[in-house]
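Report on one structure; see the data block that follows.
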Amino acid sequence: MLRYLTSGESHGRCMLTIVDGIPAGLYIDKSIIDLELARRMLGYGRGLRMAIESDKVDILSGLRKDRTIGSPVSLLVKNTDHSIDKLPKVYEPRPGHADLSGILKYNLSDIRDVLERASARETVSRVAVGSLCKILLAEFGITIVSHVVAIGGVVSKAKNLTFEKIVHFSMKSPVMCADAGASGLMCKEIDKAIKTGDTLGGVFEILIHGAPPGLGSYAQWDRRIDGSLARAVMSIQAIKGVSFGAGFESAALKGSLMHDEIFHDQKKGFYRKSNNAGGIEGGMTTGEDIIIKAAMKPIATLKKPLSSVDIRTKKPVKAVVERSDTCAVPAAAVIGEAVSSIEIANSLIEKFGGDSISEMRRNYDGYLAQVKRF
Ligand code: EPS
């Protein structure tokens with residue numbers, strides 16, 4: 001079983017993570033983790049903090065000569081902006097943020113104690129773990145990409161793109177959108193929001209290619225892989241909706257149009273010509289691409305703040321204005337890839353025995369042969 005715990009405040013010393021359950025014998029190229037951390041920092045509409053940080057991982061334990069040995073792996077990313085003890089107290093909660101519920105829950109008097117941990121800075125840790133898992137998944141030919149499909153009401157027209165095209169086109173876009181026209185309009189919307197002191201949300205899509213059929217299970221509710229993927233993606237800060245394949249649109253489709261008919265070919269085995277299921281049926285992977293969409297709300301820190309109440313006087317005030325991002329949808333897409341990688345890696349370890357890569361490989365190859373022979 002793969003587990004991890006993250007620790008660290010946004011302006012504290014560091015983000016620290018311990019990952020337990022990575023199989024022994026996996027070669028870890030640290031530059032792959034650093035590359036993913038760098039991708040998370042990008043995107044048009046991010047605030048000044050990203051110009052201060054240059055996130056790089058330090059692997060403190062769990063490796064010998066760059067190989068995992070079955071021990072827990074600890075990952076450290078330092079915060080350049082380590083200013084937590086100098087920052088002012090906060091008394092004006094932001095609507096949409098953890099501020100108000102956080103002080104009520106923990107009986108705190110300074111909202112900074114809440115916002116420092118509630119901050120999306122925490123996702124540095126999740127991307128670091130997700131990168132380790134991506135390295136593991138690559139061993140089994142499983143790859144994960146993402147792209148932005150909407151920002152501030154501007155929707156990408158790019159449809160049914162191959163993996164290669166998504167990567168190719170979205171890499172050229174400052175907002176990770178594969179439709180160049182929409183990408184330009186999204187940037188314009190972000191410029192407008194910056195001018196008016198507002199913020200923007202959007203939608204991103206994650207595609208997972210190469211997962212074998214049968215990850216997850218229908219046998220128990222908490223083993224359904226769509227459930228664990230949805231939880232992982234929904235737990236990213238500011239995510240308000242997650243769907244698979246045709247998602248909410250499937251509610252309006254007739255069964256005859258929704259379900260992906262089954263075909264068989266000597267070479268390919270069982271396959272489908274459509275993928276409305278988003279690669280998951282009965283809580284298990286089908287072997288088709290897994291397609292996840294997530295909706296991110298606009299960031300809760302507004303330069304033109306909303307009405308709030310001072311937690312000391314209970315008098316009306318404007319919410320606190322902190323340095324923040326205007327739009328972080330591209331970063332959220334990278335984080336979505338990371339948390340999805342963790343869930344797929346966990347189910348792979350569960351199914352194929354996760355003590356060592358060689359054990360997993362043996363079981364994986366045997367299972368694929370069994371599916372092929374079926
Ligand atoms: C965040 C506010 C901003 C973002 C931060 C999330 O930080 P700061 O208050 O330091 O300007 O930059 O995101 C990150 C630091 C990051 O690494 O993604 C918030 O309030 O959630």
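Only this structure's heavy atoms are used, side chains among them; waters, hydrogens and symmetry mates stay out. Computed from a predicted model, the values in this text were never measured in an experiment. When a ligand or atom number is given, it counts from 1 through the structure's own listing order.
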In terms of side-chain geometry, is the basic nitrogen of Asp222 or Arg231 positioned less than 4.0 Å from the acidic oxygen of its partner?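 Salt bridge absent between Asp222 and Arg231.
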Less than 4.0 angstrom from a charged side-chain N to a carboxylate O is my criterion; do Asp179 and Lys157 meet it?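 So Asp179 does not pair with Lys157 through a salt bridge.
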Sort and list the pairs that fulfil ring-ring contact (aromatic ring centres under 6.0 Å, His included) and have at least one residue in residues 132-169, not counting sequence neighbours.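 Matches after skipping sequence neighbours: Phe140-Tyr364, Phe163-His209.
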Between Leu76 and Lys78, is any pair of side-chain heavy atoms under 4.5 Å apart?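 Answer yes - side chains close enough.
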Minimum side-chain heavy-atom gap Arg323-Asp81 below 4.5 Å: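 A side-chain contact exists here, since the closest heavy-atom pair is under 4.5 Å.
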Using a 4.0 angstrom limit on heavy atoms, which residues are close to ligand 1?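 Under the 4.0 Å cut-off, ligand 1 touches His11, Arg40, Arg46, Arg49, Met50, His97, Ser119, Ala120, Arg121, Arg323, Ser324, Asp325.
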In one Ile/Leu/Val/Met/Phe/Trp/Tyr side-chain cluster, 4.5 Å: Met15, Ile342: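 Same cluster: Met15 reaches Ile342 through Ile, Leu, Val, Met, Phe, Trp or Tyr contacts under 4.5 Å.
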